[in-house]
Protein chains: 2
Amino acid sequence: MRLVVATCTVQYTGRLTAHLPLAKRVLMLKGDGSILVHSDGGSYKPLNWMSPPASLEECEPTEEQTDAGASRVWKVTHKKTGDALTVQLHEVESDQSFELGIDPGLVKDGVESHLQEMLADQIETLGDGFRLWRREYMTAIGPVDILAQDSDGATVAVEIKRRGGVDGVEQLTRYLELLNRDPKLAPVSGVFAAQEIKPQARTLAEDRGIRCLVLDYDEMRGVESNVPRLF
Amino acid sequence: MRLVVATCTVQYTGRLTAHLPLAKRVLMLKGDGSILVHSDGGSYKPLNWMSPPASLEECEPTEEQTDAGASRVWKVTHKKTGDALTVQLHEVESDQSFELGIDPGLVKDGVESHLQEMLADQIETLGDGFRLWRREYMTAIGPVDILAQDSDGATVAVEIKRRGGVDGVEQLTRYLELLNRDPKLAPVSGVFAAQEIKPQARTLAEDRGIRCLVLDYDEMRGVESNVPRLF
DNA sequence: TCCTCCATCTCGGCT
DNA sequence: AGCCGAGGTGGAGGA
């Protein structure tokens, strides 16, 4: 890991062409040849970058580049796509290298699969007398998140999303259409379950006779584990 | 802009909970209170981060944290959502600050809007005698990229994508369905134009009577501007 | 390997 | 401010 702070211009050519005018920026060069160009703002996305696997070549500046004020020129190229990033360094304020080693990586919790697990475990959230039938029930057009039976034994298909948009309703609609062709399952009703359901999605769902269910992640987690959280 | 290299652990709670075990990493603290945690690998996405607007509070480590080896503790909190990132710093190898100033920002070229502009200007790319009718023609379900007339005066709807997938074909199909309900426009035929059209998308489009057109970006740009490129 | 879907998406445009 | 679509999307999981 090499960190350089310098005034520079950057030129990218690949899927698109883009350039950065002269300004002072932070250049992060990683061990896999990738490079990030960051300014003091924005979010985690760099102003410009090159993804790994890439290789950096330190070039002699051409006369033209020297006249423009460049003291060093880096050419970073992607090994497969041929995308190229050219950095013209003018004044270098800092240039340091560090040994970081391999990172153990991020440990996550709380994504859609976890919501699905918890809803499967707490299937009565859907209503009294509900029983879990299947998870990830495979159909020709994809897996239905949850199939359950209500207190009358009727089949219920559940689509789970973190944020429920119209696309999720469309997805569930396609599943319901297919499942209702199966005489062993029909009639199948639908439940659209999400941490947050957008108004348009709710309208569309209810218009199609699909029930909407807002999931409270924290509450479900509370029910789920009496074991205290590890951190 | 403050750059810190240190062994640390990181804990995030917000939309999800996640943590990073102890390892040496680069911490980038920006002027807007945001922070990025990078390792020597991966792509431009940090292992963990906090988006602006955020504020950093340097805390005294609790006895427990001191026992675990933490010398300093940062609490970075998002001002609106309440998301929190806690960094426990153990050994600090480097800690430097730099004044970067406001960045002039990235100048882009070659995106979909540019393709659309160029195709509108070079509408005969679609065929001899074609004339431009409308750009961004608004309908109830969204804007149609281009409406043109062919040499016979029939209406042609064009959907432009950089990379043409099935979703783009679906989109165009919806537009065509709607436009063909308008007796003033019908019959409307479709053209799916993209720099690259995926086989599945091509099959679907042609199956629906939609013509596929691969756009050569460099060639179009060559036609577009006799002015030589600036870089 | 390719393809598909998710994301603490980010980012821009528009209403 | 919210909504929607594109991205040099990146990243993960399944066929």
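Just so it is clear, the model here is predicted, and its values are computed rather than measured. Residue numbers begin at 1 in each chain, while the letters A, B, ... track the order of the sequences. Excluded from the calculations below are hydrogen atoms, water molecules and symmetry mates; all remaining heavy atoms, backbone and side chain alike, are included.
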### Query
B:M50 near the nucleic acid: base, sugar-phosphate alone, or nothing, with a heavy-atom cut-off under 4.0 Å?
nothing
### Task
Please report, rounded to the nearest Å, how far the C1' atom of C:dT10 is from the CG atom of B:L36.
13 Å
### Message
Distance check needed: D:dC3 P versus A:L204 CG, whole Å only.
### Response
15 Å
### Query
Does a side-chain heavy-atom distance below 4.5 Å link B:V188 with B:L176?
yes
### Task
To the nearest Å, give me how far apart CG (B:L47) and P (D:dA12) are.
11 Å
### Task
Name the residue closer to the 5' end of DNA chain D, choosing between A:L85 and B:G42 according to the nucleotide with the nearest heavy atom.
A:L85
### Task
Nearest whole angstrom, please: distance from the C1' of D:dG11 to the CG of A:D103.
16 Å
### Task
Give B:S51 one of three labels, base, sugar-phosphate or nothing, depending on what nucleic acid heavy atoms sit under 4.0 Å from its own.
sugar-phosphate
### Whole angstrom value for the distance that separates C1' of D:dG5 from OH of B:Y175
10 Å
### Task
Could you check A:Y12 against A:M50 for side chain to side chain contact (heavy atoms under 4.5 Å, CB included), going step by step and ending with a plain yes or no?
CA-CA 9 Å; A:Y12 168 76; A:M50 180 62 67; 4.2 Å; yes
### Query
Given atom CG of A:D83 and atom P of D:dG7, what is their separation to the nearest angstrom?
15 Å
### Message
Using the rule side chain to side chain donor-acceptor pair (under 3.5 Å), only one of B:H38, B:K24, B:R25 pairs with A:D103; which is it?
### Response
B:R25
### Value in whole Å for how far the C1' atom of D:dA6 lies from CG of B:L106
15 Å
### Spacing between A:Y44 atom OH and C:dT10 atom P, to the nearest angstrom
5 Å
### Message
Tell me whether the count of non-hydrogen atoms from other residues, nucleotides or ligands lying under 6.0 Å of CD in A:E58 goes above 12.
### Response
yes
### Earlier contact from the 5' end, DNA chain C, for A:K45 and B:G14
B:G14
### Task
Look at B:K161 and D:dA6 and indicate whether a side-chain polar atom (N or O) is within less than 4.0 Å of OP1 or OP2.
yes
#### Entry: Verdict with supporting geometry, B:L36 and B:K30, side chain to side chain contact (heavy atoms under 4.5 Å, CB included)
CA-CA 8 Å; B:L36 315 184; B:K30 298 194 175 186; 4.2 Å; yes
#### Entry: Selected nucleotide, minimal atom distance to A:K80 side chain, candidates D:dG10, C:dT1, C:dT10
C:dT1
